[in-house]
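Report on the following structure.
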2 protein chains.
Amino acid sequence: MTGGLPKGEVFSADCPSRRLLGEVTSKWGVLVLVALREGPLRWSELLRRIGGVSEKMLARTLRSFEAEGLVLRDARPVVPPHVEYSLTEAGHEVTARLVPLVAWAEEHAVRTSGAGDRAHG
Amino acid sequence: MTGGLPKGEVFSADCPSRRLLGEVTSKWGVLVLVALREGPLRWSELLRRIGGVSEKMLARTLRSFEAEGLVLRDARPVVPPHVEYSLTEAGHEVTARLVPLVAWAEEHAVRTSGAGDRAHG
DNA sequence: CAGCATCCGAGAAGATACTG
DNA sequence: CAGTATCTTCTCGGATGCTG
């Protein structure tokens, strides 16, 4: 029994879901998806918003998401280039599942970063 | 506005939530947590269940989760060693948020793996 | 402004052998 | 059974420079 998972095939080393899961849970992947969930953003906006990301990693992340069908790239041929990235429907689906996780991490980071976690209450 | 996140501090490069998030979304981290959510498992059971994991990575993952307070290690001093790992309450919290994500990945892996959604190279 | 190519170091990750 | 120790390989990811 896998108890909630469709089949529990992620536990197989060669299951394709492993790769997909790895991409959306990658260091910059989650942040890109979460950043885009409120609406389309431009390249430079993403770069500023996601603290610490390099151009290389942002580009790599966006391109793989684009190939995966999670992110849509809208490049307009104006003379200062204008490119916007947005979530596809699939992108919104996965991001919706990502947000509670990120929220949890933000809430619990304070506990684990300090020393004592005294449970009272 | 962060739209749903507590503060959206994950976007700051030095936010402690980054590290925590990185651990629970790590390649083997998600699988360990999800595997444990149905109940305690022994070392060897985890090793078999999680296809492709090495002893080293399983040990490392388990130990960091233990330090993080997500996993509980119960070692009984019997002569063939018997050690069980289980989720703490915090572990169950985060795993509950992880499962929908894994389920999504399993469902979508089939589409993205072989499907002909690739225009033409 | 929006990207890509290249080089390079650090750490992740794997295989295997060994131990209590 | 449940790990640890060690060695090697490989990927991630940062810095930089170039292009349209």
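As the structure is a computational prediction, the values presented were derived from the model and not from experiment.
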Are the side chains of [Y] and [X] in contact, using a 4.5 Å heavy-atom criterion?
{"X": "L62(B)", "Y": "L46(B)", "result": "yes"}
{"X": "D74(A)", "Y": "V83(A)", "result": "no"}
{"X": "V34(A)", "Y": "L5(B)", "result": "yes"}
{"X": "T95(B)", "Y": "L87(B)", "result": "yes"}

Whole angstrom is fine here: how far is it from [atom1] in [X] over to [atom2] in [N]?
{"X": "E84(B)", "N": "dA2(D)", "atom1": "CD", "atom2": "P", "value": "9 Å"}
{"X": "L47(A)", "N": "dC4(C)", "atom1": "CG", "atom2": "P", "value": "13 Å"}
{"X": "L41(A)", "N": "dG3(C)", "atom1": "CG", "atom2": "P", "value": "13 Å"}
{"X": "E23(B)", "N": "dA13(C)", "atom1": "CD", "atom2": "P", "value": "12 Å"}
{"X": "R60(A)", "N": "dC12(D)", "atom1": "CZ", "atom2": "C1'", "value": "7 Å"}
{"X": "L46(B)", "N": "dA2(D)", "atom1": "CG", "atom2": "C1'", "value": "12 Å"}
{"X": "H82(A)", "N": "dA2(C)", "atom1": "NE2", "atom2": "C1'", "value": "11 Å"}
{"X": "R48(A)", "N": "dC1(C)", "atom1": "CZ", "atom2": "P", "value": "8 Å"}

>> Counting only heavy atoms and a strict 4.0 angstrom limit, can you tell me which residues of residues 50-59 of chain A come near DNA chain C?
In response: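 Going residue by residue through residues 50-59 of chain A, the ones with a heavy atom under 4.0 Å of DNA chain C turn out to be E55(A), K56(A), A59(A).
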> For DNA chain D, whose closest nucleotide is more 5', that of V79(A) or that of K27(A)?
Replying inline: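 Whichever sits nearer the 5' end wins; that is K27(A).
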>> Which nucleotide wins on minimum distance to the side chain of W28(A), given the candidates dG20(D), dG13(D), dA2(D)?
In response: dG13(D)
>> Enumerate the ring-ring contact (aromatic ring centres under 6.0 Å, His included) contacts for residues 69-104 of chain A, please, sequence neighbours excluded, ordered by first and then second residue.
In response: W104(A)-H108(A)
With a cut-off of less than 4.0 Å, is there a side-chain N or O of [X] near OP1 or OP2 of [N]?
{"X": "R73(A)", "N": "dG3(C)", "result": "yes"}
{"X": "Y85(B)", "N": "dG3(D)", "result": "yes"}
{"X": "R42(B)", "N": "dC1(D)", "result": "no"}
{"X": "R76(B)", "N": "dA2(D)", "result": "no"}

>> Under the side-chain contact (heavy atoms from CB on, under 4.5 Å) test against F65(B), which residue among L72(B), L70(B), V94(B) passes?
In response: L70(B)
>> As a quick check of understanding, evaluate side-chain contact (heavy atoms from CB on, under 4.5 Å) for L101(A) and T25(B), giving each step before the final call.
In response: CA-CA 9 Å; L101(A) 193 67; T25(B) 62; 3.6 Å; yes
